[in-house]
Amino acid sequence: MMKMRWWRADASEVMAVTAMGVWEAVLAGGGRRFIKRKDSDAGETGRALEELRSSLYNEMHSSESAKRQQMRFCGPSVALTFNFAVAVGIIMANKMVMGSVGFKFPIALSLIHYAVAFVLMATLKTLSLLPVAPPSKSTPFSSIFALGAVMSLSTGLANVSLKHNSVGFYQMAKIAVTPTIVVAEFMLFQKKVSTQKAITLAVVSFGVAVATVTDLEFNFFGACVALAWIVPSAVNKILWSSLQQSGNWTALALMWKTTPITIFFLLTLMPLLDPPGLLLFSWNFRNSCAIIISALFGFLLQWSGALALGATSALSHVVLGQFKTIVIMLSGYLVFGSDPGITSICGAVVALGGMSFYTYLGLKKDSATSGKKAPSRQNSFMAKPKVAADNDNADSEQEDNV
């Protein structure tokens with residue numbers, strides 16, 4: 001019995017030794033080379049994946065790369081179209097909030113918009129999806145602080161002006177932003193507008209005024225607010241355009257830096273300009289959802305406006321805002337049968353003609369610029385980003401008050 005167990009043990013050892021011998025014989029032939037080749041392929045695949053990961057990380061975590069990606073995927077046409085579509089959407093959302101919901105606190109609404117925007121950007125930053133800002137030494141903090149301050153004044157005062165003045169007087173104040181931008185850019189950056197563009201902008205402003213200004217009802221407080229809003233609105237557009245085009249700022253990165261400052265100033269403005277009773281408002285589910293939807297549109301409007309300002313200039317964005325106003329008026333006439341009157345329709349046609357010629361001048365300048373010899377790739381990374389629509393004038397706008 002013991003012999004049988006010993007024999008079985010020897011048999012198992014013999015089988016193990018035999019299997020090892022066969023395996024080594026295979027490896028001695030092509031098997032070892034096959035395994036080495038597999039290991040080599042796996043190493044190359046791993047290195048390729050690591051290089052791809054590093055490339056993607058650098059694209060999101062380098063301000064220069066993030067700026068190039070924004071300019072690549074969001075050119076002037078895309079940015080302006082995006083901003084136009086969102087501006088129409090937020091008009092409907094704000095009408096619902098101010099009308100059916102009855103939220104009568106314009107500064108508080110702006111504050112909610114910026115607070116929601118900050119939460120969304122903080123989420124993107126947590127997920128490492130927020131573009132990195134340029135080094136702090138490249139842009140003085142005073143510029144960031146000034147932009148955050150004028151943003152709060154531009155947005156807050158616009159909503160207060162719309163509450164206390166008629167739509168016609170509010171439109172007149174918006175039209176006054178155009179010459180203010182021209183004067184401010186000349187004073188700040190010595191930029192001049194060509195005679196053709198100056199005449200075209202005057203024609204556009206005249207057409208918009210005839211088409212939209214049907215009444216000029218206002219009170220003393222509303223007039224003061226409207227006049228106080230014009231300069232911050234113009235400076236707001238100029239700073240958004242200038243900071244993005246003179247550095248490696250992307251729209252989201254600049255929004256992330258300026259939004260806390262804007263929220264701080266809105267908090268100081270709210271007790272001064274908003275009526276009492278915010279806490280007594282009916283914060284039920286329906287009303288809260290309407291305000292949150294308006295805030296989401298507000299974030300998209302701020303982002304699209306910043307993209308448009310970075311891709312074009314301040315004046316172009318103002319013209320886009322006037323174009324939106326004319327399109328909405330004509331859509332009501334053609335689609336819904338509203339009757340604005342023959343005078344308003346003629347003004348709208350004049351405004352559209354001026355806008356078309358302004359676009360033609362911008363495209364003509366772009367084609368002339370692109371015909372010149374492009375700088376070398378090495379130097380292009382050191383140069384300032386090219387202004388897509390108007391090099392002689394900053395032209396963008398952060399549109400319809402959030």
Quick one: does [X]'s side chain get under 4.5 Å of [Y]'s, heavy atoms only?
X    : Y    : result
F189 : I238 : yes
T178 : Q322 : yes
N159 : L273 : no

**Request:** Begin from the C-alpha positions of V203 and Y358 and carry the test side-chain contact (heavy atoms from CB on, under 4.5 Å) through to its verdict.
**Result:** CA-CA 10 Å; V203 170; Y358 182 87; over 6 Å; no

Just to verify, what does [X] make a side-chain hydrogen bond (donor to acceptor under 3.5 Å, both in side chains) with, not counting sequence neighbours?
X    : result
S161 : N165
T126 : none
S205 : none

For [X], all residues meeting side-chain contact (heavy atoms from CB on, under 4.5 Å), sequence neighbours excluded:
X    : value
A234 : V177, T180, I181
F264 : T268
A351 : V208, I326, M355
T343 : V210

So which heavy atom on [X] is nearest to which on [Y], and how close?
X    : Y    : answer
Q244 : A306 : NE2-O, 2.7 Å
A158 : W229 : CB-NE1, 3.3 Å
L266 : I107 : O-CG2, 3.6 Å
V116 : A295 : CG2-CB, 3.7 Å
N83  : G305 : ND2-N, 3.2 Å
L301 : S304 : O-OG, 3.1 Å

**Prompt:** Would a line drawn from the ring center of F84 to the ring center of F323 be shorter than 6.0 Å?
**Reply:**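 Aromatic pair counts; centres sit under 6.0 Å.
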
For residues 146-153, dump all side-chain donor-acceptor pairs below 3.5 Å to protein atoms at least two apart in sequence or in another chain.
from: S152; atom 1: OG; to: A149; atom 2: O; distance (Å): 2.5

Please confirm whether the backbone N or O of [Y] pairs with a side-chain atom of [X], one donor and one acceptor, at under 3.5 Å?
X    : Y    : result
Q245 : T312 : yes
S288 : N284 : yes
N287 : V101 : no

**Message:** If only side-chain N and O atoms count, and only distance matters, is there a donor-acceptor pair under 3.5 Å linking K237 with S241?
**Reply:**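 No, because no side-chain N or O of S241 sits under 3.5 Å from a partner of the opposite role on K237.
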
**Request:** Show the numbers, then the answer: is there a side-chain contact (heavy atoms from CB on, under 4.5 Å) between M255 and W303?
**Result:** CA-CA 8 Å; M255 287 168 59; W303 184 26; 4.0 Å; yes

**Request:** Applying side-chain contact (heavy atoms from CB on, under 4.5 Å), run through L157 and L269 and close with a yes or a no.
**Result:** CA-CA 9 Å; L157 293 179; L269 289 174; 5.6 Å; no

**Message:** Please list all pairs meeting ring pair (Phe, Tyr, Trp, His ring centres under 6.0 Å) that have one or both residues in residues 85-104, counting only residues at least two apart or in different chains.
**Reply:** F103-F105, F103-F281, F103-W283

**Request:** Decide yes or no on side-chain contact (heavy atoms from CB on, under 4.5 Å) for F265 and I261, but give the supporting numbers first.
**Result:** CA-CA 6 Å; F265 278 97; I261 302 171; 3.8 Å; yes

**Fill in**
side chain to side chain donor-acceptor pair (under 3.5 Å) pairs touching residues 251-264, sequence neighbours excluded, are none

**Request:** Name all residues meeting the ring pair (Phe, Tyr, Trp, His ring centres under 6.0 Å) criterion together with F357; count only those two or more places apart in sequence or in a different chain, and write none if there are none.
**Result:** Y360

